[in-house]
Amino acid sequence: MSHKQYWLMKSEPYAYSIDDLQQDSQIHWSGVRNYEARNIMRDKMKIGDRAFFYHSNVNPPAIVGEMEICTEPYADPSQFDPDSKYFDEKSSESNPRWQLVDVKFIRKFEKDVTRDMLKDAGLTDMQLFKRNRLSITQVEENEFKKILELAGLKPIE
DNA sequence: GCCAACGTTGGC
DNA sequence: GCCAACGTTGGC
């Protein structure tokens, strides 16, 4: 049994929020158009990994919930759709450029863990802080546990 | 709304 | 393959 990994995935809540995910239950994490973030989904994520849902570009930015990676990587359908804002004319069905995974809702935090709380708790080594504009970053196990504590929650087995 | 950080594009 | 110009992210 391989070791579970942990991730943090950003979304602007006015575009797609933790409440939307709670309603939808499971979604394609579509629209990633950054190679490093794509590579994480394509090469590193495994089914069963946990990820935090992070609300970006709002005040205050915060971790607001927990989800689970629930598919293998596959081609992001929106890259083939000329009507989508994520359409990529340089991509093709035979040689897709953009990959994604599905995520499913686990729980929404009753108490958001804000960016400031992460700093105050000494979690300044997080990739979130080191990799400014990267929308998917890895979270270490000790960081993951600490963040759940800050949210007043226990890990789910 | 500003702007720093930084990834991407394209001319050469 | 360098790098200037440009566009985007996202905190503040």
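In what follows, chains carry the letters A, B, and so on, assigned in the order in which the sequence lines appear, proteins first and then strands, with residues in each chain numbered from 1.
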Output yes when A:D76 and A:R33 qualify as a salt bridge under the 4.0 Å nitrogen-oxygen rule, no when they do not.
yes

Might you work through the side-chain contact (heavy atoms from CB on, under 4.5 Å) test for A:D49 and A:K44, ending with a clear yes or no?
CA-CA 10 Å; A:D49 284 356; A:K44 299 198 173 155; over 6 Å; no

Any carboxylate oxygen within less than 4.0 angstrom of a Lys/Arg side-chain nitrogen, looking at A:K145 and A:E141?
yes

Any side-chain donor near an acceptor of the partner, A:Y86 and A:D81, under 3.5 Å:
no

Opening and closing nucleotides of DNA chain C in contact with chain A, under 4.0 Å to non-hydrogen atoms
C:dG7 to C:dC12

For A:E36, run the salt bridge (Lys or Arg N to Asp or Glu O under 4.0 Å) check against A:R133, A:R131, A:R42 and tell me which one passes.
A:R131

Let me check something: do A:I63 and A:M9 share a hydrophobic cluster, defined by ILVMFWY side-chain heavy atoms less than 4.5 Å apart, either directly or through other members?
no

Answer with base, sugar-phosphate or nothing: what part of the nucleic acid does A:N57 contact at a heavy-atom distance below 4.0 Å?
base

Pull out every residue in residues 110-126 of chain A that has a heavy atom closer than 4.0 Å to any atom of DNA chain C, ordered by number, or say none.
A:R115, A:K119

Looking across every strand, which nucleic acid part, if any, lies under 4.0 Å from A:Y54 by heavy atom: base, sugar-phosphate, or nothing?
sugar-phosphate

Between the first and last five pairs of the helix from B:dG1-C:dC12 to B:dC12-C:dG1, the angle of the axes, rounded to 10 degrees:
10°

Return the residues of residues 81-95 of chain A meeting this criterion: a heavy atom under 4.0 Å from some atom of DNA chain C. Order them by number, or give none.
none

Under the rule for side-chain hydrogen bond (donor to acceptor under 3.5 Å, both in side chains), what residues qualify as partners of A:Y16, not counting sequence neighbours?
A:D24

Looking at A:F52 versus A:F144, is the centre-to-centre ring distance below 6.0 Å?
yes

Does a side-chain heavy-atom distance below 4.5 Å link A:Q138 with A:W7?
yes

In Å and rounded to the nearest 0.5 Å, what is the CD to CE distance from A:Q99 to A:M45?
13.0 Å

Test of understanding: with ring-ring contact (aromatic ring centres under 6.0 Å, His included), list the residues that count as partners of A:Y54, not counting sequence neighbours.
none

Does the separation of the ring centres of A:W98 and A:Y35 fall below 6.0 angstrom?
yes

Which is true for A:R33 with a 4.0 Å heavy-atom rule: it touches a base, it touches only sugar-phosphate, or it touches nothing?
nothing

Pairwise side-chain contact, A:K10 with A:L128, heavy-atom cut-off 4.5 Å (strictly under):
yes

